[in-house]
Protein chains: 2
Amino acid sequence: MAQDQHRSARTLETVARACDVIDTLDALGGAGVTEVATELDIAKSSAHAYLNTLREKRFVVKKGHQYHLSLEFLYLGKSVRHRHVLFAHGKSVVDQLASESGEYVHLMAEQHGLERNVYKVAGENAVGDTYHTAKERKTDFLHFTSTGKAVLAHLPESRVRDIVDTHGLLQKTENTITDLETLFEELETVRNRGYAVNDEEEVKGIRAVGAPIRNANGTVLGAISVSGPSSRFTGEYLHKEVPHMVKEAANVTEASINMSDASQSL
Amino acid sequence: MAQDQHRSARTLETVARACDVIDTLDALGGAGVTEVATELDIAKSSAHAYLNTLREKRFVVKKGHQYHLSLEFLYLGKSVRHRHVLFAHGKSVVDQLASESGEYVHLMAEQHGLERNVYKVAGENAVGDTYHTAKERKTDFLHFTSTGKAVLAHLPESRVRDIVDTHGLLQKTENTITDLETLFEELETVRNRGYAVNDEEEVKGIRAVGAPIRNANGTVLGAISVSGPSSRFTGEYLHKEVPHMVKEAANVTEASINMSDASQSL
DNA sequence: AAAATTGTTTCCCAAATGCGAACAGCTATA
DNA sequence: TATAGCTGTTCGCATTTGGGAAACAATTTT
């Protein structure tokens with residue numbers, strides 16, 4: 001059933017289903033046994049067993065007859081973030097960039113071919129992140145964001161093809177790049193000028209500039225972006241000032257990472 | 001094997017083990033197959049299967065030969081927090097209390113008999129939360145914090161006994177309450193005066209004042225606390241001013257919750 | 001008061017998992 | 001450079017475990 005493209009390593013159905021239960025509880029914001037059972041198309045007794053086990057393991061809490069994800073996830077999330085390389089070396093840089101630019105700043109990592117924000121800060125005049133505060137997930141593709149394109153530009157071509165095969169090229173606005181040919185051209189441009197521009201490709205009225213963060217081997221780890229209203233993001237500001245700030249911030253982060261890498265690898 | 005005190009509902013060992021894998025990855029901050037296998041005392045091939053499944057489900061990422069928890073947990077954590085009643089109604093109150101008092105303010109919920117912080121803010125003169133930024137978990141018991149005691153004071157006695165049976169009364173400092181008798185007396189005091197005091201019971205040099213948050217039924221949902229250095233937390237400040245602020249904040253939160261409950265239950 | 005929910009428990013068989021062992025790939029060591 | 005000792009990965013088989021149907025309990029609705 002779960003046979004993937006490459007010869008699939010073994011997967012445990014029970015574990016996979018437990019993950020589905022977690023996803024379902026998140027999607028529904030809590031649910032009862034029957035609800036979970038119908039949602040995942042399994043027997044009530046099975047759903048009950050899954051929920052009960054997750055509860056005993058403290059990943060789920062039960063309020064009355066409703067099951068919810070527990071605050072354990074908040075702790076795990078914090079833990080993951082604090083240990084992440086980009087957070088460790090990028091947080092202060094991002095904070096500074098936000099106060100310097102006054103705009104919204106994102107620190108992003110790629111995982112499983114998707115965009116994952118490690119950290120984000122709103123500068124004083126920040127605009128435009130109210131979209132996706134709640135539902136930020138599932139549609140976090142790489143091809144319509146500045147950070148995403150900055151990352152894609154520095155991944156091996158084969159990897160980019162894999163990612164597009166897996167996730168497709170969803171159209172979010174009329175500016176979204178929706179075919180592979182155009183995407184590769186765009187990535188070429190990104191590589192040449194050293195930064196990526198999101199020209200209302202995800203949300204109308206919002207532009208962004210993103211620069212990649214790479215380690216000493218040239219492997220891309222993520223990206224930093226500055227975003228704001230299209231009205232403000234034009235001309236010199238969009239094509240000179242912002243790129244300059246963003247690239248600088250990315251470079252500083254890279255330097256910090258490479259220094260600690262160098263000291264560790266001895 | 002996993003027969004618990006009360007007649008145990010069914011649990012799935014595969015799911016339980018998957019949870020253990022997640023806990024292990026968190027505890028070790030990433031690990032290899034062999035490491036996980038020895039840690040959990042299972043076969044290498046099994047550990048591999050678990051890790052592979054969690055990776056396919058995007059809860060785990062693989063960097064070289066190291067497996068780490070993915071940023072998915074960061075998203076789930078945020079989602080859980082944003083949906084939590086206490087956060088929804090308490091965040092603004094806590095923010096205000098922090099700027100008003102200048103101290104550290106915690107918004108806490110009880111889950112599985114443990115202390116779980118939903119939100120916390122440092123006021124301008126805040127001191128003393130650097131302990132447990134990283135390793136805050138596992139030892140988060142209720143009996144040595146102001147929030148924990150505030151909550152315990154309003155749980156049914158039987159529930160308190162259950163919790164103590166399960167988690168014990170770990171001694172953290174010389175002031176920690178370590179026997180049930182004394183604990184019940186303390187909880188009585190807390191109930192009578194309406195707030196709990198943590199007198200260096202968790203960490204030497206830190207005192208705190210906590211007040212419970214209860215819904216219209218009288219069920220306790222959590223607590224709010226203000227904490228700071230013992231040098232500053234004395235006399236009138238400790239026994240009048242801070243309790244007044246904390247109780248006020250808790251009451252405002254309660255009111256907000258009860259209003260939305262009332263409107264929903266019709 | 002009856003009917004329709006939902007959650008919980010039981011039991012058995014098919015199926016999924018755990019394990020051991022073999023294999024592959026890499027690193028350190030002689 | 002060869003060898004030993006690590007890793008991670010794959011395979012096949014015996015066995016345990018989880019899935020499901022149905023009965024039961026506990027509410028809620030009609």
Side-chain angles (χ1 to χ4, degrees), chain A residues 1-22 24-25 28-57 59-69 217 219 264-266, chain B residues 1-22 24-25 28-57 59-69 217 219 264-266:
Chain A
M1 195 159 279
Q3 233 93 320
D4 253 20
Q5 40 268 45
H6 29 236
R7 72 255 88 142
S8 61
R10 199 214 252 197
T11 65
L12 305 183
E13 302 199 4
T14 311
V15 175
R17 215 158 289 167
C19 295
D20 292 339
V21 170
I22 291 172
T24 302
L25 288 182
L28 302 179
V33 173
T34 309
E35 217 169 340
V36 171
T38 55
E39 190 76 17
L40 298 180
D41 201 35
I42 57 180
K44 267 199 303 179
S45 56
S46 300
H48 183 73
Y50 280 95
L51 290 166
N52 191 247
T53 310
L54 290 170
R55 186 184 56 74
E56 288 217 342
K57 284 296 177 177
F59 283 96
V60 158
V61 291
K62 191 179 169 184
K63 287 180 187 170
H65 283 180
Q66 289 282 109
Y67 292 82
H68 301 262
L69 296 184
N217 309 325
T219 309
Q264 274 182 19
S265 67
L266 295 184
Chain B
M1 195 159 278
Q3 233 91 325
D4 254 21
Q5 41 267 42
H6 30 236
R7 72 257 90 145
S8 60
R10 190 195 202 184
T11 65
L12 306 183
E13 301 203 4
T14 311
V15 175
R17 216 158 288 167
C19 295
D20 291 339
V21 170
I22 291 171
T24 302
L25 287 182
L28 301 181
V33 174
T34 310
E35 217 170 340
V36 171
T38 56
E39 190 76 18
L40 298 180
D41 203 36
I42 58 179
K44 268 198 303 180
S45 55
S46 301
H48 183 75
Y50 280 95
L51 289 166
N52 190 246
T53 311
L54 290 170
R55 186 184 56 74
E56 288 218 341
K57 283 297 177 176
F59 284 96
V60 158
V61 290
K62 190 179 170 185
K63 288 180 188 170
H65 284 178
Q66 288 283 108
Y67 292 82
H68 301 264
L69 296 184
N217 309 325
T219 307
Q264 274 182 20
S265 66
L266 293 185

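Here the structure is a predicted model, which means the values were calculated and not measured. Both backbone and side-chain heavy atoms feed into the values below; hydrogens, waters and symmetry mates do not.
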### nucleotides 15-26 of chain C: protein proximity per nucleotide (B base, S sugar-phosphate only, - neither; heavy atom, under 4.0 Å)
-SSBBB------
Using the side chain to side chain contact (heavy atoms under 4.5 Å, CB included) criterion, which residues pair with [X]? Sequence neighbours excluded.
{"X": "B:Asn217", "value": "B:Asn215, B:Thr219"}
{"X": "A:Ala47", "value": "A:Val33, A:Val36, A:Ala37, A:Ile42"}
{"X": "A:Ser45", "value": "A:Ala43"}

#### Entry: Listed partners of A:Tyr67 passing ring pair (Phe, Tyr, Trp, His ring centres under 6.0 Å), at least two apart
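Testing A:Tyr67 for ring pair (Phe, Tyr, Trp, His ring centres under 6.0 Å), a comparison that skips the adjacent residues, returns none.
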Rounded off to whole Å, could you give me the [atom1]-to-[atom2] distance for the [X] and [N] pair?
{"X": "A:Gln66", "N": "C:dT5", "atom1": "CD", "atom2": "C1'", "value": "14 Å"}
{"X": "A:Asn52", "N": "D:dG18", "atom1": "CG", "atom2": "C1'", "value": "14 Å"}
{"X": "A:Leu51", "N": "D:dG18", "atom1": "CG", "atom2": "C1'", "value": "15 Å"}

### Task
Would you mind reporting whether A:Arg10 and B:His48 have side-chain heavy atoms less than 4.5 Å apart?
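Side-chain contact under 4.5 Å: no.
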### Query
Considering only side-chain heavy atoms of A:Val33, which listed nucleotide, C:dT8, C:dT6, D:dT9, is closest?
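The nucleotide sitting nearest to the side chain is C:dT8.
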### Partner set under salt bridge (charged side-chain N to carboxylate O under 4.0 Å, His left out) for B:Lys57, not counting sequence neighbours
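B:Lys57 satisfies salt bridge (charged side-chain N to carboxylate O under 4.0 Å, His left out) with A:Asp20 once adjacent residues are dropped.
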